[in-house]
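Take a look at the structure below.
In what follows, every heavy atom counts, from backbone to side chain, and hydrogens, waters and symmetry copies are set aside. Here the structure is a predicted model, which means the values were calculated and not measured.
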Amino acid sequence: MMSTFARTVDINQAGRDLVVGDVHGCFRTLDRALSELEFDPSSDRLFGVGDLVNRGPHSEEALTWLESRFDAVTMGNHERPVLDWMLAKVLGSRERAQGWLRKVNRVDYERWYAALLNMPLALTIETPYGAVGVIHAQVPDPNWDRALEGLSSGSAGIADIALLGFETEEEEARVRARPVEGLRALVHGHWPVKEVKTTFNRWNIDTGTGLEHLNRLSLLEVNGSALHSWTFDVDES
């Protein structure tokens with residue numbers, strides 16, 4: 001089972017649009033970061049590149065964030081197997097939960113399934129300065145419109161590119177060697193980096209949340225006259 005293929009959100013006329021990198025269960029840090037940035041849910045919007053779960057200690061809180069705090073989050077490769085597992089549970093599978101899923105209340109399985117199914121593979125955020133694309137790992141085509149067409153085909157192979165990137169380093173290098181046409185910026189995560197990394201109009205904002213050797217969380221404002229990022233050390237105490 002796969003999620004919605006693509007979604008577009010209109011220009012935010014009132015406040016900021018922030019995109020957070022891979023959260024990986026570190027929601028205490030995200031909450032603190034939003035407080036420090038004086039995030040105002042009445043005017044500001046919060047988006048994500050996916051991988052909300054695994055690694056960190058509070059993955060079970062992803063449901064609350066998906067239902068009430070995020071405006072939209074693209075699906076990551078760590079969500080897809082959870083979506084498949086939740087579908088099986090909704091249909092009556094007896095497979096036992098592993099890891100953080102043991103903390104999930106059985107009565108919430110259908111809510112989890114609905115929230116995960118609602119995560120698009122690709123998101124377009126309209127801004128006064130041009131469209132911003134959000135995807136978890138990689139665009140299947142360096143032209144955004146063609147990439148969205150490919151994702152809408154329902155091809156599992158194309159979806160895998162969005163979630164995991166290309167199979168070979170050569171293919172990855174070929175696609176990364178040029179900007180993404182039709183976008184002000186493409187924002188993604190998946191590949192942990194020490195600092196927010198920009199290549200052409202591509203922004204990698206996965207700064208290794210939940211990884212011992214990096215363990216930082218980054219957010220990017222995408223609807224201002226210039227894109228601006230912040231990075232926070234992870235603290236889940």
Side-chain angles (χ1 to χ4, degrees), residues 15-41 44-83 97-104 108 112 115-116 119 123 125 132 134-138 162-165 185-199 202-222 224 227-237:
R16 298 170 295 172
D17 285 343
L18 303 181
V19 184
V20 65
D22 303 38
V23 176
H24 282 299
C26 295
F27 290 103
R28 302 288 192 278
T29 302
L30 176 56
D31 197 39
R32 174 173 56 85
L34 293 176
S35 178
E36 289 189 22
L37 294 175
E38 299 182 345
F39 182 86
D40 182 355
D44 299 331
R45 300 189 298 193
L46 180 64
F47 304 98
V49 301
D51 277 7
L52 299 180
V53 300
N54 287 337
R55 295 185 186 155
H58 302 116
S59 292
E60 74 281 0
E61 296 180 10
L63 177 62
T64 298
W65 282 78
L66 283 169
E67 289 184 333
S68 62
R69 301 198 64 176
F70 278 110
D71 290 270
V73 183
T74 57
M75 174 160 287
N77 59 296
H78 284 261
E79 275 83 38
R80 181 164 65 175
V82 182
L83 174 60
Q98 301 294 319
W100 66 269
L101 280 168
R102 292 176 178 172
K103 299 180 181 179
V104 174
D108 292 330
W112 271 96
L116 292 165
M119 298 174 77
L123 173 68
I125 304 172
V132 172
V134 182
I135 206 162
H136 181 63
Q138 183 58 275
L163 295 169
L164 297 164
L186 175 76
V187 185
H188 69 87
H190 186 64
W191 284 283
V193 289
K194 186 176 181 179
E195 304 287 346
V196 171
K197 182 179 180 180
T198 59
T199 306
R202 300 165 179 266
W203 290 72
N204 181 355
I205 61 171
D206 177 9
T207 44
T209 309
L211 294 175
E212 185 176 352
H213 66 293
L214 295 173
N215 212 20
R216 305 176 79 199
L217 177 72
S218 291
L219 292 99
L220 181 70
E221 182 181 351
V222 298
L227 276 68
H228 183 75
S229 66
W230 299 266
T231 300
F232 300 85
D233 292 332
V234 171
D235 180 1
E236 287 299 292
S237 60

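Residues R45 and I125 share a closest heavy-atom pair of NH2-CG2, 4.1 Å. Counting all heavy atoms, side chain and backbone alike, V196 lies closest to S218 at CG2-OG, 3.6 Å. Of all heavy-atom pairs between S59 and W100, the closest is CB-CD2, 3.5 Å. Summarising the geometry of N215 relative to G210, their closest heavy-atom pair is OD1-N, 2.7 Å, with the distance given to 0.1 Å. Annotation for D71 and D44: closest pair OD2-O, 4.5 Å, computed over non-hydrogen atoms. The shortest non-hydrogen separation linking C26 to G56 is SG-CA, 4.0 Å.
Screening T74, D51, D206 against H136 for a side chain to side chain donor-acceptor pair (under 3.5 Å) leaves a single residue, D51. Results of the side chain to side chain contact (heavy atoms under 4.5 Å, CB included) test with I205 over V187, V20, T198, D22 single out V187 as the only residue that passes. Between V49 and the options V73, V23, V134, a side chain to side chain contact (heavy atoms under 4.5 Å, CB included) holds for only V134.
Applying the side chain to side chain contact (heavy atoms under 4.5 Å, CB included) criterion to K103, with sequence neighbours excluded, gives E60. Every residue meeting the side chain to side chain contact (heavy atoms under 4.5 Å, CB included) condition with E67, not counting sequence neighbours, appears here in chain and number order: L63, R111. For T29, the side chain to side chain donor-acceptor pair (under 3.5 Å) partners two or more places apart in sequence, or in a different chain, are E236.
H58 has its side chain out of reach of L30: every pair of non-hydrogen atoms, C-beta onward, lies at least 4.5 Å apart. Within the 4.5 Å cutoff, no side-chain heavy atoms of M119 are placed close to those of L83. When side chains are defined from C-beta on, L211 counts as touching R55, because their heavy atoms get closer than 4.5 Å. Side-chain contact between T199 and N204 is absent, with no heavy-atom pair separated by less than 4.5 Å. Taking the side chain as every heavy atom from C-beta outward, L227 and E221 never approach each other to under 4.5 Å. Residues H190 and Q138 have side chains not in contact (no heavy-atom distance under 4.5 Å, counting atoms from C-beta outward).
In this structure, CZ in F47 is found 9.0 Å from CG in L18, a value given to the nearest 0.5 Å.
Although no hydrogens or angles enter the test, the distance criterion places no donor-acceptor pair under 3.5 Å between the side chain of E36 and the main chain of A33.
In E38, the CD atom is not crowded: 12 or fewer heavy atoms of neighbouring residues, nucleotides or ligands sit closer than 6.0 Å.
Residues T207 and T231 bring no donor and acceptor atom of their side chains to less than 3.5 Å of each other.
Ring geometry for W65 against F70 counts as tilted: the plane angle lies between 30° and 60°, on a 0 to 90° scale.
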